[in-house]
Structures are given as C-alpha cells and as structure tokens.
Amino acid sequence: MWMRRLTGWLDLFLETRCPLCQRSTRHTLGHDCQTQLQRCHVKTGQQFQHEAMPVVAWGIYGGALKRSLAAFKYDNHPELARPLGQWLGQSWLSSTAAKPSSLVAVPIPLHPSKLKQRGFNQAELLAEIFCNWTNLPLARQGLERTVATTPQFGLSAKDRAENLEGAFDLGVDFRRQVPRKRVILIDDIYTTGATIRTAAEVLRRHQISVYGVAVVAIGQQRPKSPG
Ligand SMILES: [Zn+2]
C-alpha cells in the first residue's frame, strides 16, 4: 500500500510540461500533441529522392511537426530529439532504403558559433537517437561547418545554394581516416536540398560515398518520386 503511494508520489515529481501545449505529462510530449504529430507522419510507402539518393522522412513539414522542430531548436527543448529521433529510426528501418548494412550516419554540422549560441546541434542529437535505434555507427564529426552562413529560412533556392558555398569541410572523424562505409546524412529538415547537396559534394570530393538521407521533416513542395 505504502509502496503504491510512494510510486504515485514519484510519478508526480516525474511529470513535466509538454513543450508544445504546456500541459503536464509523464512523457516528452502530451497525448494530444502526439496525436497531432502523427497527422504529419508520411504515409507508409511514400518515398522521396535527392539526386537518385533515397531520402527517408518521418513527416511532412507543417502543423505540429513544424511547431515541434521550432520548440526543439529555438525554444531550447533538446529532449524532443528522443521521440523525433526514434520515429526517424523506425521510418528508416521500415523503408526499402534500409537495405545496405555497411553505413555510417553523419549529422549535418552547425557552425561553432551557432552551436555555442544554441547549446546543442539538433541534427547530432537526432543522429544519436537514430543510431541507437538502427544500430548504425555514428560519425559525430564526419563533417564540420567552416563558414557561419546566414539562416536559409526565407531564401530562394538559388540563394540557398550560394549561401552554402564552401560552408562545409571534412570533419575530424573523417580527416583522421576516410570511412569505407557509405554515409547516410542526418538532418532535421529537408527543403530545397541545398544543404544535403553541399554536404554530399564535400564528402564525394574526398572519395567518400553518400548513400542516402534521413530527415525528420520534408518540405511539402518537394515533388514526390514516381512510384
Ligand atoms: Zn502538448
């Protein structure tokens, strides 16, 4: 009896506030917000591509997913990496893209100044959870960001590409030794593909082959691949 009361007490202390609606919850996200998020989930079998590479996306950017990613990055809620990274891992494992086993995950890096300001790299946190879930190895610093670019938000596709020119370089993990495994790039959002293109170019320039991409959210305007 007293044990039950004690557990009840502990549960009370373990309750936190949902970062989206501020209601108290025992999970990272409240029940209603989780339901809303599931509406953003891409349908099974829906596939995306970036220049002949598979892009696995958990959801379509918008609604509750847009709010979650904003809370995650700009409102200091790194704990959101756990559900989002886990869902991304599940999407990866259930997709037809998940076939080759010899892969290494590389998060899209943040510039050190941005990292200092935010306190964490959202792509790295997502990649960490993703790798726990998929059992893929993680090269935390496969890439590095050498130029502090202006935010991509609001820029045209052409400006995004120009903005990113020379923004990445090989990171310390791969400078030491070029991986034999193929790379899967991990990011929070895919919109025009400019970031992925720039990152993949740097890796290929160093004879590192890039297999595919995994992102939590993909932009709505992204044309669907046939089939
Ligand atoms: Zn909520």
Side-chain angles (χ1 to χ4, degrees), residues 4-48 55-95 98 105 107-110 114-134 136 138 140 151-154 185-192 195 213-222 224:
R4 199 182 301 161
R5 204 172 298 159
L6 184 65
T7 336
W9 263 92
L10 286 173
D11 281 350
L12 201 68
F13 287 121
L14 288 172
E15 287 211 348
T16 54
R17 299 223 166 252
C18 168
L20 300 187
C21 66
Q22 314 307 323
R23 287 194 204 122
S24 80
T25 172
R26 264 185 255 162
H27 305 280
T28 311
L29 287 155
H31 180 265
D32 290 354
C33 290
Q34 286 210 42
T35 310
Q36 284 185 43
L37 268 164
Q38 288 303 323
R39 284 188 206 129
C40 306
H41 188 20
V42 296
K43 288 171 192 74
T44 321
Q46 198 175 345
Q47 289 177 13
F48 306 96
V55 176
V56 170
W58 178 81
I60 303 292
Y61 188 62
L65 186 53
K66 187 175 176 178
R67 282 187 281 123
S68 301
L69 288 169
F72 177 27
K73 289 195 286 186
Y74 308 123
D75 211 10
N76 193 29
H77 285 291
E79 75 277 15
L80 285 173
R82 193 160 289 280
L84 297 172
Q86 185 180 320
W87 294 341
L88 182 57
Q90 288 167 343
S91 287
W92 177 261
L93 290 178
S94 62
S95 84
I108 294 296
L110 279 187
K114 182 74 88 50
L115 185 64
K116 205 173 164 194
Q117 182 193 340
R118 188 169 295 167
F120 59 91
N121 172 6
Q122 72 277 3
E124 187 182 335
L125 296 189
L126 290 169
E128 212 171 276
I129 308 291
F130 174 89
C131 287
N132 286 343
W133 202 260
T134 57
L136 289 172
L138 171 65
R140 227 172 262 280
Q152 295 282 85
F153 185 80
L185 290 167
I186 314 279
D187 208 358
D188 52 340
I189 309 169
Y190 180 104
T191 33
T192 64
T195 306
V213 182
V215 289
V216 171
I218 193 160
Q220 269 161 326
Q221 74 276 26
R222 175 91 192 132
K224 289 171 195 98

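Each ligand, and each atom within it, is numbered from 1 in the order the structure gives. Side chains included, hydrogens not; waters and symmetry mates left out as well; all remaining heavy atoms used. Position 1 is the first residue of the sequence; numbering continues from there.
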Heavy-atom side-chain proximity of [X] to [Y] below 4.5 angstrom:
{"X": "N76", "Y": "F120", "answer": "yes"}
{"X": "P107", "Y": "L126", "answer": "no"}
{"X": "T35", "Y": "R39", "answer": "yes"}

**Asked** Does the N121 side chain pair with the main chain of I108, one donor and one acceptor, at a distance under 3.5 Å?
**Response** yes

**Message:** For distances below 2.8 Å, what is the count of protein N, O or S atoms around the Zn ion (ligand 1)?
**Reply:** 3

**Request:** Please name the residue in the list I218, V215, L69 that meets the side-chain contact (heavy atoms from CB on, under 4.5 Å) test with Y61.
**Result:** L69

Without placing hydrogens or testing angles, list every side-chain donor-acceptor pair under 3.5 Å for residues 78-93, not counting sequence neighbours.
{"from": "E79", "atom 1": "OE2", "to": "H77", "atom 2": "ND1", "distance (Å)": "2.8"}
{"from": "S91", "atom 1": "OG", "to": "W87", "atom 2": "O", "distance (Å)": "3.3"}

